[in-house]
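One structure is given below, encoded as structure tokens.
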Amino acid sequence: MDPARFQNDRFGFAAAVERAAALARLGGAEWAADDVGGAGPPAPRSRLVRGLRWRAEVLREAVARRRAKARAASRSAKPRVLYLIPYDAIRPVIGGSVRTHELGRLLAAEFRVTIVTIAGPRQDEQVLPLAPDLNLAIFPVSQAMSDEIEHNRVRMKNAAWSVELQRRGAEIPNLAAYLRSARDRLACLLISGPFLYPCVEQLAPEVPVVYETIDVATDFLRMVAGSADISAEVRETEEIERRLIAKAAAVVCVSEHDRDEMVKRFGADRGNFRLVPNGVNVRRRLFVEPGRSRRHREECGIPRPVVLFLGSAMEANLKAAQFIAGELAPALPHALFVAAGLGGDELAGPAPENMVFTGAVMDSGLLKEALFLLSEVAIAPMTLGTGSSLKIPDYLAHGKAVVSTELGVRGHDAMKPFVTIAPMDQFRAAVSGVLADLETTPSCFDARGRDGRARVAETLDWSVVAEPLVRELRAQAKRGTP
């Protein structure tokens, strides 16, 4: 955690976050007690109790050793799955990589999983162990390919990376050799997005494929390209996706909207789709209702209410942050707005005095939990976006009062009762109304926060949403693991 990198911090917010982080470290025993059985600091124990605890610990270690031996013996019998990711998923920072790591962790309970991620040329090619039966294989693009991507970015903007991969993925150093060596031992290849499918067609055409799409790929390309004309590239991607859907044993999508759109565009079999929306690891989220957040941020030296926006430096988030900086924050000077995940230098024009930027935030990092601890309100003023939102489950799992546009809650209709939804032309008034209610009655959103977290735990925890994918891969393995 490095609050020193905060930008536009005119109210000592970084120092408050440092103090909040100390509180967040205690959160595992204090606020998370109801979730994980924590009970705070242990009381002094008698000699008898200490002896019994020591014997119990010895027994636990013996059991753990036996289980480790059993896992090692059965590991060779586990079906092997490659999870192919067309972007840098080394760290769980942005939405796609968070999803990748969470699903990989859950799949590793039944499969030997290797996440294959494509990174920039400065990364080293290596295989890193993440957990038992879960590895991360990093394949950097060549410098020449990276230079070509940067050249094409002038015309295609951020679509250049995906387009280059779909055209030249097989040229990534050593990726071809890795896929050839692995293909005969795979139960299934789980491929995220269509951009690396031409590489798979060329190098491992006989391997069973499950296609994971976190958005409609052509819609994503158009979004990241902005106003650039990439109609030829979009047609190319659409044809690749058509072949992939025809080949795939199943298609995993994140929302009913995406499923229906792909059925319509590609004439796909609706029964071949599996719905795995974006979720959240609820047990890793400290629950702090708005009323308690107010007390903590006052204790940490922040007298004004804190409104949090969480999002990496992607087009949709940058547009939302621009709205906050240009319209929302100036209109509500009594509140402090925090943009977590991006920097102020990525926006056009100067930031208002009451808006702080944190830079990149690790998904499971202490900084993020400290920010949520201090925030009564979390917002999603989204006007762009595909797939389903990761923000809303995250906001609700932390117990915040949430204000969002309709697009911001895309893919999560069941969460709407726990969110204040407003169109963009009424968004300022909606946030102002929530802040006024909290000022009058600090605990007025606490019950909704508790109910929202409970609903997320029941329906959007990763362990719940991943089940259709686990079942599908299990079925693929039963059809014949190499």
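Residues meeting the side-chain hydrogen bond (donor to acceptor under 3.5 Å, both in side chains) test with Asp260, sequence neighbours left out: Arg270. Every residue meeting the side-chain hydrogen bond (donor to acceptor under 3.5 Å, both in side chains) condition with Glu110, not counting sequence neighbours, appears here in chain and number order: Arg474. Phe337 is linked by a ring-ring contact (aromatic ring centres under 6.0 Å, His included) to nothing, counting only residues two or more places apart in sequence or in another chain. Taking the side-chain hydrogen bond (donor to acceptor under 3.5 Å, both in side chains) definition, one finds that Asp88 meets it with nothing, sequence neighbours left out.
The side-chain heavy atoms of Trp462 and Asn278, taken from C-beta on, include a pair separated by under 4.5 Å. The side-chain heavy atoms of Met156 and Val163, taken from C-beta on, include a pair separated by under 4.5 Å. Counting only heavy atoms from C-beta outward, the side chains of Ile90 and Ile138 approach each other to under 4.5 Å. For the pair Arg105 and His101, the minimum side-chain heavy-atom distance is 4.5 Å or more. No side-chain heavy atom of Tyr197 sits under 4.5 Å from any side-chain heavy atom of Ile245. Under the 4.5 Å side-chain criterion, counting only non-hydrogen atoms from C-beta, Cys253 is not in contact with Tyr211. Looking at heavy atoms from C-beta onward, Ile392 lies in side-chain contact with Ser404 at the 4.5 angstrom threshold. When side chains are defined from C-beta on, Leu244 counts as touching Val209, because their heavy atoms get closer than 4.5 Å.
Checking Thr218 against Glu241 by side-chain atom types alone, no donor-acceptor pair falls below 3.5 Å.
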### Message
Would Glu212 and Ser192 count as a side chain to side chain donor-acceptor pair (under 3.5 Å) here? Give the steps.
### Response
CA-CA 5 Å; Glu212 179 198 36; Ser192 184; 3.1 Å; yes
For a quick test of your reading: what N or O donor-acceptor pairs under 3.5 Å do the side chains of residues 419-431 make, sequence neighbours left out?
residue	atom	partner	partner atom	Å
Thr420	OG1	Arg448	NH2	3.3

Distance-only check: which donor-acceptor pairs under 3.5 Å involve side-chain atoms of residues 305-318, not counting sequence neighbours?
residue	atom	partner	partner atom	Å
Glu315	OE2	Asn158	ND2	2.2
Asn317	OD1	Lys391	NZ	2.6
Asn317	ND2	Ser312	O	3.0

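In this structure, His334 places its NE2 atom where more than 12 heavy-atom neighbours from other residues, nucleotides or ligands lie under 6.0 Å away.
Asn8 places no side-chain N or O within donor-acceptor distance of the main-chain N or O of Val356, the cut-off being under 3.5 Å. Arg304 contributes a side-chain N or O that, together with a main-chain N or O of Pro333, makes up a donor-acceptor pair within less than 3.5 Å.
A salt bridge does not link Glu164 with Arg167: every distance from a Lys NZ or Arg NE/NH1/NH2 to an Asp or Glu carboxylate oxygen is 4.0 Å or more. Between Glu376 and Arg297 there is a salt bridge, since at least one side-chain N of the basic residue sits less than 4.0 Å from a carboxylate O of the acidic one.
To the nearest 0.5 Å, atoms NZ (Lys368) and CZ (Arg284) are separated by 10.5 Å.
For the pair Arg285 and Phe372, the NZ or CZ position fails the cation-pi test of under 6.0 Å to the six-membered ring centre and within 45 degrees of the ring normal.
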